[in-house]
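Report on the following structure.
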Amino acid sequence: MRLTVLGCSGSMAGPDSAASSYLVRAGAGEDDTVVALDLGSGAFGPLMAQTSPTALDAVVLSHLHPDHCADLTAMAVWRRYGPDGALPPLRVIGPEGTRERLAVLCEMEAPEISEVFAVEHLTEGQEVRIGALRLQAHPVRHPIPAWGLRVSGPSDVHDGAAHLGYTGDTAWCEGAIAVGRGVDLLLAEAAFQDGLEHPPGIHLTGAEAGQVATRAGARRLVLTHLQPWTDAARVLAGARGAYSGPVEVTHAGADYLL
């Protein structure tokens, strides 16, 4: 299983990165499974640099803020008018209200959006199968309904399955810990800088992301969703003070084999 960071800038696209989007691939050759976790503002270009948009088996949305779903508007244009002509609906799995949100973003009526996206809803604890990948969602703490995602698939580095946890956007909560429990890699948001005052119930600090990884027993911690003005060194220091395993701040284009 391979994770590629298409975008990792928090709340908006930044000077060096698109907003949140992560490509997960499993398998080899024509039997590849290709899934995007979120497709935030600016992410469609980096997606095209990695693979054809037609190669995606599904897009899974952690929540419906634009920095996590806005570039599905570009996907809609590609699938309606692109070089391969009109394509069958793409599987999109997200929170309740995903179809209505996409209809507004894409300026389509609900029946019209269903010709472009086949929308399913995330349900706590239910396993979703996408080719070689299995996905489970856990509710997390954010101002709108949001999910952390746990993805399992064949490992590229050891026998058996690999496990990836992605917190999406969340404040400290038990759902984030459930997402990261025992995973090979925990991709955790850390939008808030340690040592500053922040509104509650929105994002993690670096130290809190480290605490989540420690409580969950994650084998590796990768920090993401830092806003363009955030001091990454302070966020990383906070995480290292709370977590003893390997930890880094990710960047656009980063690749991880699990």
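Counting only heavy atoms from C-beta outward, the side chains of Tyr22 and Leu3 approach each other to under 4.5 Å. For the pair Pro53/Met48, a side-chain contact is recorded, criterion being any heavy-atom separation below 4.5 Å from C-beta on. Side-chain contact between Thr73 and Met75 is absent, with no heavy atoms from C-beta onward closer than 4.5 Å.
Tested against Leu164, the residues Leu149, Leu37, Leu186 include a single side chain to side chain contact (heavy atoms under 4.5 Å, CB included) partner, Leu37. Of the listed residues (Leu135, Leu133, Leu56, Val59), just one forms a side chain to side chain contact (heavy atoms under 4.5 Å, CB included) with Val35, and that residue is Leu133.
In the model, Asp169 has no side-chain atom that pairs as donor or acceptor with a side-chain atom of His65 under 3.5 Å. Using modelled atom types, one finds a donor on one side chain and an acceptor on the other under 3.5 Å when comparing Glu189 with His203. For the 3.5 Å distance criterion, the side chains of Tyr166 and Asp38 qualify, holding a donor opposite an acceptor. Judged purely by distance below 3.5 Å, without hydrogens or angles, the side chains of Tyr256 and Thr250 pair a donor atom with an acceptor atom. No side-chain donor from either of Asp57 and Thr33 sits under 3.5 Å from a side-chain acceptor of the other.
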(request) Kindly determine whether Val119 and His121 satisfy side chain to side chain contact (heavy atoms under 4.5 Å, CB included), including the steps that lead there. (result) CA-CA 7 Å; Val119 175; His121 294 137; 4.3 Å; yes

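Each salt bridge (charged side-chain N to carboxylate O under 4.0 Å, His left out) pair with one or both residues in residues 98-113, not counting sequence neighbours, appears once here: Arg80-Glu112. For residues 6-15, the pairs satisfying side-chain hydrogen bond (donor to acceptor under 3.5 Å, both in side chains) are Ser11-Gln227, with sequence neighbours left out.
Between Asp255 and Arg2, at least one side-chain N (NZ, or NE/NH1/NH2) sits under 4.0 Å from a carboxylate O, which counts as a salt bridge. A salt bridge links Asp184 and Arg219; the closest N-O separation between the charged side-chain nitrogens and carboxylate oxygens is under 4.0 Å. Glu174 has a carboxylate O that lies under 4.0 Å from a charged side-chain N of Arg215, or vice versa, which qualifies the two as a salt bridge.
Taking each heavy atom of Val116 and Ala76 in turn, the nearest pair found is CG1-CA, 3.8 Å. Between Val157 and Leu258, the shortest heavy-atom contact is CG2-C, 3.4 Å.
Listed by chain and residue number, nothing satisfies the side chain to side chain donor-acceptor pair (under 3.5 Å) test with Thr214 (two or more places apart in sequence, or in another chain).
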